Amino acid sequence: MAVPVILTGPNIQLYINNKLYKQVQGVSFVIDYGETEIYGIDTPYAQEIASNKITVKGQVTGMRVKMSGGLQAASIRPLFMDSAASPYVSFRIHDRVTGEDIIFIPNCKITQESHSIAVKSTYKLNFNFSGQIPLMALDRS
């Protein structure tokens, strides 16, 4: 009997705009397929479930490296003086052992940053993202 192999954290790589984001420590995301129930007149039961827009929201947890410039220097977010020019970025989570792309989000924006700095400890830099049209491994094959 074959034993299933489970993906583990060190095997996962995060690419943002096709550049490896080495500071990542964890990624979590939720895909909302936007499916809604359609009801008829005077009926409590849905007649069908219709597709709508597909969105993905998630969070990247990581560290900030000294003299790196944070997300702005990596061209993931614009300078604070120019926040209206927020660029779309692409996210790709990749399994480096098998070469499989777990998810690819071609249009994504960083919606929130959180910084946690403790004396004599690591500088935590986490950020949330929101994207459209996630492509899973089978979509890309």
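Bear in mind the structure is a predicted one, so any value in this text is a computation, not a measurement.
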Donor-acceptor contacts, no H, no angles, side chain residues 27-35, under 3.5 Å, sequence neighbours left out:
from	atom 1	to	atom 2	distance (Å)
Asp32	OD1	Gly34	N	2.9

For residues 117-126, please give each side-chain donor-acceptor pair under 3.5 Å, one per line with the distance, not counting sequence neighbours.
from	atom 1	to	atom 2	distance (Å)
Tyr123	OH	His115	ND1	2.9
Lys124	NZ	Gln25	OE1	3.3
Asn126	OD1	Gly62	N	3.2

Supply the members, apart from Tyr15, of the Ile/Leu/Val/Met/Phe/Trp/Tyr cluster built from side-chain contacts under 4.5 Å; use none for a lone residue.
-> Leu20
Evaluate side chain to side chain contact (heavy atoms under 4.5 Å, CB included) for Ile93 paired with Phe91, printing each intermediate quantity in order.
-> CA-CA 7 Å; Ile93 300 174; Phe91 270 54; 5.8 Å; no
Report the distance from atom [atom1] of [X] to atom [atom2] of [Y], rounding to the nearest 0.5 Å.
X      : Y      : atom1 : atom2 : answer
Ile110 : Phe127 : CD1   : CZ    : 4.5 Å
Phe129 : Thr111 : CZ    : OG1   : 9.0 Å
Asn11  : His94  : CG    : NE2   : 10.5 Å
Ser116 : Met63  : OG    : CE    : 13.0 Å
Arg92  : Ile105 : CZ    : CD1   : 12.0 Å

Shortest non-hydrogen separation from Val89 to Asn17 and the atoms involved = CA-OD1, 3.3 Å
Please table the atom pairs, donor to acceptor, closer than 3.5 Å between any side-chain atom in residues 37-61 and protein atoms at least two apart or in another chain.
from	atom 1	to	atom 2	distance (Å)
Thr43	OG1	Tyr45	N	3.4
Lys57	NZ	Ser130	OG	3.3
Thr61	OG1	Gly26	N	3.2
Thr61	OG1	Gly26	O	3.3

So, does Asp95 use its side chain to make a donor-acceptor pair with the main chain of Ile12 at under 3.5 Å?
-> no
